[in-house]
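For reference, the structure discussed in these notes is given below.
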Amino acid sequence: MESKRLMIVESSTKIKTLTRFLPADIVVKACFGHVSDLPKRELGIDIGKQFKPHWRELQEKKGTIEQLRRACEASTTVILATDPDLEGEAIAWHLIRVLKLAKERVVRVAFCSVTEAEVLRALSCPRKVDRNLVDAQIARRIVDRLVGYRVSPILWRHLKSGLSAGRVQSAALRLLVEREREIEGFRPEKSWQLTASFEDGKISGTYQNAFATRDEAREALEGMKDHEYIISHIDRTVEHTSAPPPLRTATLQQEAGSRFGMSPKVTMTLAQGLYEDGHITYHRTDSVDMSPEAMQGLRTYISGTYGEKYLADQQRSFRQAPGAQMAHECIRPTSWTRTGIPGGAQRLYDLIWTRAVASQMARAAYDVCKLQVPYRDSHFLSSARSVEFDGFLRASGHGGDLHGSGTMAMLANLKCGQRLTLHEGTAREQLTSPPPHYSESGLVKELERCGLGRPSTYATIVTTLQDRRYCESVAPSKVKQRLEVMHLREGEITLGKREQEAPNVRGRLTVTEIGQDVYSYLDKHFGCITDIAFTRDLELELDRIAAGSVKWMDIVKKFHDEFGPTVDTLMKTKALEKRIPRAIREVRRIGRHPDTGQMIETCKARYGPVVKMGDGYKTVFAKIDAASMDSLDLNTAVTMLNRKMH
DNA sequence: CAGTGAGCGAGCTTCCGCTTGACTT
């Protein structure tokens, strides 16, 4: 009988590529990620029995598992080629259990890119499933389950039903709350900035000292009348900018967010389509590496398309994000020839293409000119920049002339010691601004920086926080600041006002009241959960498990000890807050509370008709009779609610 | 005496990280 081999990979899109160069006796099937997990409805861990986990086959994977079983029967050996990371190792281990594979017929093979050379290399060094790596994943899984399924019920009991806590989401909530507090506590500082324009306004410069008060600014502006403006320095230099690395999941979400206003979720859906249609490499990755074959192809493409001088002198490799597992390569187009994309994903594709291509192109060079004009104890600084060589900017198509080249020509003609005639002086009142609320993709950036979450979960973390109503994505209220400005023209000082608008941003994450309350509660009783150090320490311990120097049970116990005892005590205490009746129907708005501004509505609650104010678990209720459902007026309602409030 | 309100119990919610369709809106 001829021998047949079955290779199991995680993703179905790999199958087509693999069959192009794999030996004919290998059949490839996909398992589509995990095939077993802890039960959904219960904790699934015997805390008293060394945290023994109860693994269950995933219901939704029944069909897949059945197909894999049949394929195994038809094969002599099974090659487990799941991704080369902790999750992949664990999936391989679960596959052995679920498919009841005998050790002798199983090999584990790990490749980082789906290219002939790399896959054949991996096949030539098969190994066993690494139990230490599996143990590290198991520890991660169990700690996450313990945090989520033991702490969440405390929130249901003490705050409101349906809430949740978790290692990642609660630390993310903390980031949002801390930013909110920074914004609330921010006191804008006023200062005055002086600018001057010379030679009929063709040159402008900024004074390098700011003034604290209006009077000082005015006095300085006054003094500009009779000053002699002489150039003391002219510096002409060449500055270089290198191309940024190609994209990974977190940076893809950031760029798509800031350029196109896409949410991480939308970005990932579009990227999924590009990936499935074979236009880009895998889109859930933390790596900025490029496979050697792709790199070679790219460098040939660059020198062929743009010319040799546009190619980076040497192969550029980039610093990886901290904690990167690099199971995949960077996000890049599968073909260097730019293609048209039907549907709405063209600009996302172009973004991916540009960043990947640019990453191996030469740096751009700018001609920079700076000149100084002394005034009192400081000077006006004027600068201009023009592109001398566009380099990698060429890949984005608009790398040509940037702003400032006109001024550049002006500045370049001037000489040291030359006298300039003042055209206009301006003193502007300025306000420092608070840090902005996070955008969705800005939060992802911070999550990645803190080592929270993984490429496959960044988008869902953001949506979970919103599903739980811990935060909402809103356009911030536009506060127009009226600021003073003084002009010096032809020896006369005139006063004016200008309006400074908040920058036009959409979709900023604002913490809700319930979000604040959940955070405060968690911070009070479960400070370790909201702390990003929890995740950092966990990562370090997982490394030790993976290296085989500690047992996973000991690590799980160590982390569980940080919150387990508190869970036990709090479960025994009485619920703190009044719980709200569910099944609220027939809501009718009757107005807003004159003091608090909260919405007042009548509705049918479980116990009958009520008038209520506010949202969330802090809602104030007062019972009313059925007739009042339609006729209750605002004043009566306010009186009733005020009585209930205390 | 009837209507009201307090109290009880049952049943639900929840994590993070791998993967895609199969479902609605």
Side-chain angles (χ1 to χ4, degrees), chain A residues 8-15 29-45 53 58 60-61 63-65 82-95 136-157 159-172 249 268-269 272-273 275-276 282-286 325 327-328 447 451-461 464-465 467-470 518 522 529 534-535 538-539 542 559-560 563 567 574-575 578-579 581-583 606-608 621 623 625:
Chain A
I8 303 179
V9 294
E10 287 183 50
S11 152
S12 54
T13 46
K14 286 181 180 174
I15 297 177
K29 296 264 179 207
C31 66
F32 304 105
H34 279 288
V35 289
S36 42
D37 191 16
L38 298 167
K40 216 167 146 43
R41 288 281 151 80
E42 45 184 303
L43 185 63
I45 297 161
L58 285 168
E60 62 269 29
K61 289 293 172 60
T64 309
I65 292 171
T82 46
D83 291 352
D85 54 18
L86 286 193
E87 297 297 324
E89 204 70 17
I91 291 172
W93 181 77
H94 280 291
L95 280 168
Q137 194 275 348
I138 290 176
R140 199 277 305 154
R141 180 69 190 96
I142 293 182
V143 168
D144 282 340
R145 171 53 69 98
L146 288 170
V147 173
Y149 274 42
R150 296 211 72 209
V151 178
S152 298
I154 303 276
L155 295 177
W156 306 341
R157 195 180 163 82
L159 293 181
K160 188 172 120 80
S161 188
L163 299 175
S164 65
R167 171 177 61 85
V168 171
Q169 59 167 277
S170 299
T249 303
M268 290 310 272
T269 309
Q272 177 86 28
Y275 168 65
E276 282 171 8
Y282 196 53
H283 56 296
R284 293 188 273 257
T285 175
D286 53 21
Q325 299 184 8
H328 309 273
L447 289 174
L452 293 167
R454 301 280 311 136
S456 67
T457 58
Y458 291 140
T460 48
I461 294 165
T464 300
L465 289 168
D467 287 348
R468 300 274 170 277
R469 302 289 145 103
Y470 292 169
V518 166
L522 290 175
I529 306 296
F534 190 88
T535 292
L538 181 62
E539 294 282 352
L542 295 187
F559 282 92
H560 185 250
F563 59 90
V567 170
K574 262 181 87 175
K578 195 165 54 176
R579 301 169 69 149
R582 287 173 303 133
R606 194 160 64 133
Y607 299 115
F621 284 90
K623 300 205 171 189
D625 51 69

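Reminder, nothing fancy here: chain letters follow the sequence lines and each chain counts from 1.
Minimum interatomic distance between A/A172 and A/L452 (heavy atoms only, all atoms of both residues): N-CD1, 4.4 Å.
In this structure, the aromatic ring of A/W156 is not positioned over the six-membered ring of the base of B/dT14 within 5.5 Å between centres and 30° between planes. Remark: ring of A/Y149 stacked against base of B/dT14; centroid gap under 5.5 Å, plane tilt under 30°.
Considering A/H34, A/R141, A/R454, A/Q325 in turn, A/H34 is the only one that fulfils the side-chain hydrogen bond (donor to acceptor under 3.5 Å, both in side chains) rule with A/E87.
Side-chain atoms of A/S161 lie closest to B/dC12 of the nucleotides B/dT14, B/dG17, B/dC12.
Listed pair A/Y282 / B/dT19 meets the phosphate criterion, a side-chain N or O lying under 4.0 Å from OP1 or OP2. The phosphate of B/dG17 (OP1 or OP2) has no side-chain N or O of A/Q137 nearer than 4.0 angstrom. In this structure, A/S164 reaches the B/dC15 phosphate: one of its side-chain N or O atoms is under 4.0 Å from OP1 or OP2. In this model, the phosphate group of B/dG17 is approached by a side-chain N or O of A/T457 to a distance below 4.0 Å at OP1 or OP2. Of the side-chain N and O atoms in A/R167, none sit less than 4.0 angstrom from OP1 or OP2 of B/dT14. Side-chain N/O atoms of A/S456 include none lying less than 4.0 angstrom from OP1 or OP2 on B/dG17. Phosphate proximity of B/dC18 to A/R454: present, with a side-chain N or O under 4.0 Å from OP1 or OP2. The phosphate of B/dT13 has OP1 or OP2 within less than 4.0 Å of a side-chain N or O from A/R41.
Annotation: of the two residues near DNA chain B, A/K61 and A/P39, the 5′-most nearest-nucleotide partner is A/P39. Mapping A/S152 and A/Q272 onto DNA chain B via the closest heavy atom, the residue that lands nearer the 5' end is A/S152.
Ring planes of A/H328 and A/Y282: tilted class, angle from 30 to 60°.
Side chain A/R140 to base B/dC16: a donor-acceptor pair is found below 3.5 Å. Looking at A/S11, its side chain has no donor and acceptor atom pair within 3.5 Å of the base of B/dT19. Residue-to-nucleotide contacts include no donor-acceptor pair under 3.5 Å from the side chain of A/R150 to the base of B/dC15.
Cation-pi geometry between A/R468 and A/Y470 is not satisfied (NZ or CZ under 6.0 Å from the ring centre, within 45° of the ring normal).
Counting non-hydrogen atoms of neighbouring residues, nucleotides and ligands closer than 6.0 angstrom, the NZ atom of A/K61 exceeds 12 such neighbours.
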